[in-house]
Amino acid sequence: MTATDLLYSEVEDELRASVRALLADHCPPDAILGRCEGPAPYDPALWRKLAADLGAAGLQVPEAQGGAGASLRETAVVLEELGRSAAPVPFLGSAVLATTALLTCGADELTAALADGGRTATLAVPLSAAPGDPFPATVRVDGAGTLGGRITSVADALTADVLLVPATGPDGAALYAVEAAAAGLSVARRTSLDLTRPLADVTLTGVPGRRLTTGPAAEEAVRQALLTGAGLLASEQLGIAEWCLATTVAYLGDRTQFARPLGSFQALKHRLADLWLDTVGARAAARYAADTLARGDADAAVAVAVAQAHCGALAVRAAEECVQLHGGIGMTWEHPAHLYLKRAKADQIALGTPGRHRAALAALVDLPAPAAG
């Protein structure tokens, strides 16, 4: 068994530096706010630079299938930086959920297209879907082999070129690749809390699709995609918490009251120290989840449940502290703090709430809750 290594490698540090520099140049907060106020929340130019120029979209894809041949550890590093910048790109849907489902299915020509950033995709399940949920049954395959049904609150569906649609039919579970331009397919944007990761409802009416796999293999592809997505989402939540903490510390060091920096007041020091300690713990949990997933470790489900149970709540608390300790300016639209609070709250219910992951963890380690008295 390969030993767990939670430290960042030199390659991972270099990747982080490249992604952070790119986001600093092309994804400043004012640009994000401008996009949120318009009809196109995603930044296609930023996505091309991240996915194609840096090769971030294909990090977990083997070289033989057109990817970088790295691992989910490197993918997690990218998600940390995307969380730190609240970047409006479809990385979670395309490079994590859809790509993982395709890799679990086996070799497919779509994998290479996603890996080089030429196309985007997403797994057509509600963003609230959690690992261990039953196979989705809202889309049916009719006798003619076409798909019909509706899926609500799908992340990254608005810009996806292809939707990976779980469906059930006479032969049981199946996973289909459906072109976004297919006749009978409609994608309607929903009003979502997180302005940088909009959700959409997908409706299919007699839509043709290409069947990728069926039966237990389809169920495993969806399960593995949700497990990997939940595990790596913890890294994004870590990035959110780190930005909120660093930004708040810097602000309290500059802002004065009664001729003293706000950061010198003991009560605020204690709050930030507690938040820092919890963030360190979140980093360990997120790194362990990414490492176990990258190695295909049998402990991956436990690691993911631990990471999500901790990181989801931490990101929200860090964002709330950021807004509150910035005072009046933290409540304004012009300050980016609200973007991080909304992303943190949306992430908290994405791919399973902390409560659901705690319940899953209890079952995984055979520690059931006490019976009601």
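Since this is a predicted model, take the numbers as computed values, not measurements.
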Distance check, rounded to the nearest 0.5 Å: [X] atom [atom1] versus [Y] atom [atom2]?
X: Leu268; Y: Glu321; atom1: CG; atom2: CD; result: 9.0 Å
X: Asp30; Y: Glu334; atom1: CG; atom2: CD; result: 11.5 Å
X: Leu185; Y: Leu163; atom1: CG; atom2: CG; result: 5.5 Å
X: Ile151; Y: Thr203; atom1: CD1; atom2: OG1; result: 8.5 Å
X: Leu54; Y: Leu50; atom1: CG; atom2: CG; result: 6.0 Å
X: Leu79; Y: Leu72; atom1: CG; atom2: CG; result: 10.0 Å

Please check: side-chain N/O of [X] versus main-chain N/O of [Y], any donor-acceptor pairing under 3.5 Å?
X: Thr99; Y: Ser94; answer: yes
X: Gln308; Y: Ala305; answer: no
X: Thr120; Y: Thr159; answer: yes
X: His310; Y: Asp278; answer: yes
X: Asp299; Y: Val302; answer: no
X: Thr332; Y: Gly328; answer: no
X: Ser18; Y: Glu14; answer: yes
X: His326; Y: Cys322; answer: yes

Apply side chain to side chain contact (heavy atoms under 4.5 Å, CB included) to the pair Leu175 and Thr213, showing each step before the final yes or no. CA-CA 6 Å; Leu175 186 64; Thr213 188; 4.2 Å; yes
Intermediate values then yes/no, side chain to side chain donor-acceptor pair (under 3.5 Å), Gln237 and Gln348: CA-CA 8 Å; Gln237 292 163 333; Gln348 190 180 32; over 6 Å; no
Shared hydrophobic cluster, Leu97 / Val154 (ILVMFWY, side-chain heavy atoms < 4.5 Å):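 The answer is no; the residues belong to distinct hydrophobic clusters.
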Shared ILVMFWY cluster between Leu7 and Tyr288, side chains joined below 4.5 angstrom?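 Leu7 and Tyr288: separate clusters.
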Any chance you could lay out the side chain to side chain contact (heavy atoms under 4.5 Å, CB included) test for Asp43 and Cys27, step after step, and finish with the verdict? CA-CA 9 Å; Asp43 187 344; Cys27 190; over 6 Å; no
Thr138 and Arg150 side chains, donor-acceptor separation under 3.5 Å: no
Taking atom types as modelled, is there a side-chain donor on Ser192 or Asp194 under 3.5 Å from an acceptor on the other? no
Step by step, would you call Arg84 with Ile240 a side chain to side chain contact (heavy atoms under 4.5 Å, CB included)? CA-CA 5 Å; Arg84 190 176 279 110; Ile240 294 169; over 6 Å; no
Would you list the pairs meeting salt bridge (charged side-chain N to carboxylate O under 4.0 Å, His left out) in which at least one residue belongs to residues 122-138, sequence neighbours left out? Asp133-Arg356
Pairwise side-chain contact, [X] with [Y], heavy-atom cut-off 4.5 Å (strictly under):
X: Thr152; Y: Arg190; result: yes
X: Tyr42; Y: Asp156; result: yes
X: Thr248; Y: Leu275; result: no
X: Arg197; Y: Asp347; result: yes
X: Arg73; Y: Asp5; result: yes
X: Val202; Y: Ser186; result: no
X: Met331; Y: Gln324; result: no
X: Val141; Y: Leu147; result: yes

What closest approach, in Å, do [X] and [Y] show between heavy atoms, and which atom pair accounts for it?
X: Phe135; Y: Ala218; answer: CE1-O, 3.7 Å
X: Val304; Y: Ala230; answer: CG1-CB, 3.8 Å
X: Leu351; Y: His357; answer: O-NE2, 2.9 Å
X: Gly209; Y: Val178; answer: CA-CG2, 4.1 Å
X: Leu293; Y: Gly231; answer: CD1-CA, 3.9 Å
X: Gln60; Y: Val96; answer: NE2-O, 3.8 Å

Under 6.0 Å from the ring centre and within 45 degrees of the ring axis: does the NZ or CZ of Arg16 meet both conditions for the six-membered ring of Tyr8?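 Output yes; distance and angle both within limits.
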Full working for side chain to side chain contact (heavy atoms under 4.5 Å, CB included) between Val89 and Leu82: CA-CA 8 Å; Val89 292; Leu82 294 178; 4.0 Å; yes
Assess whether a salt bridge exists between [X] and [Y], defined as any Lys/Arg side-chain N lying under 4.0 Å from an Asp/Glu carboxylate O.
X: Glu109; Y: Arg119; result: no
X: Arg283; Y: Glu242; result: yes
X: Glu236; Y: Arg343; result: yes
X: Glu220; Y: Arg223; result: yes
X: Arg295; Y: Asp291; result: yes

Neighbour count >12 (heavy atoms, 6.0 Å) for atom CG, Leu193: yes
Kindly assign one of parallel, tilted or perpendicular to the pair Tyr340 and Trp243, based on the angle between their ring planes and the thresholds 30° and 60°. parallel
By side chain to side chain donor-acceptor pair (under 3.5 Å), Asp13 pairs with (sequence neighbours left out) none
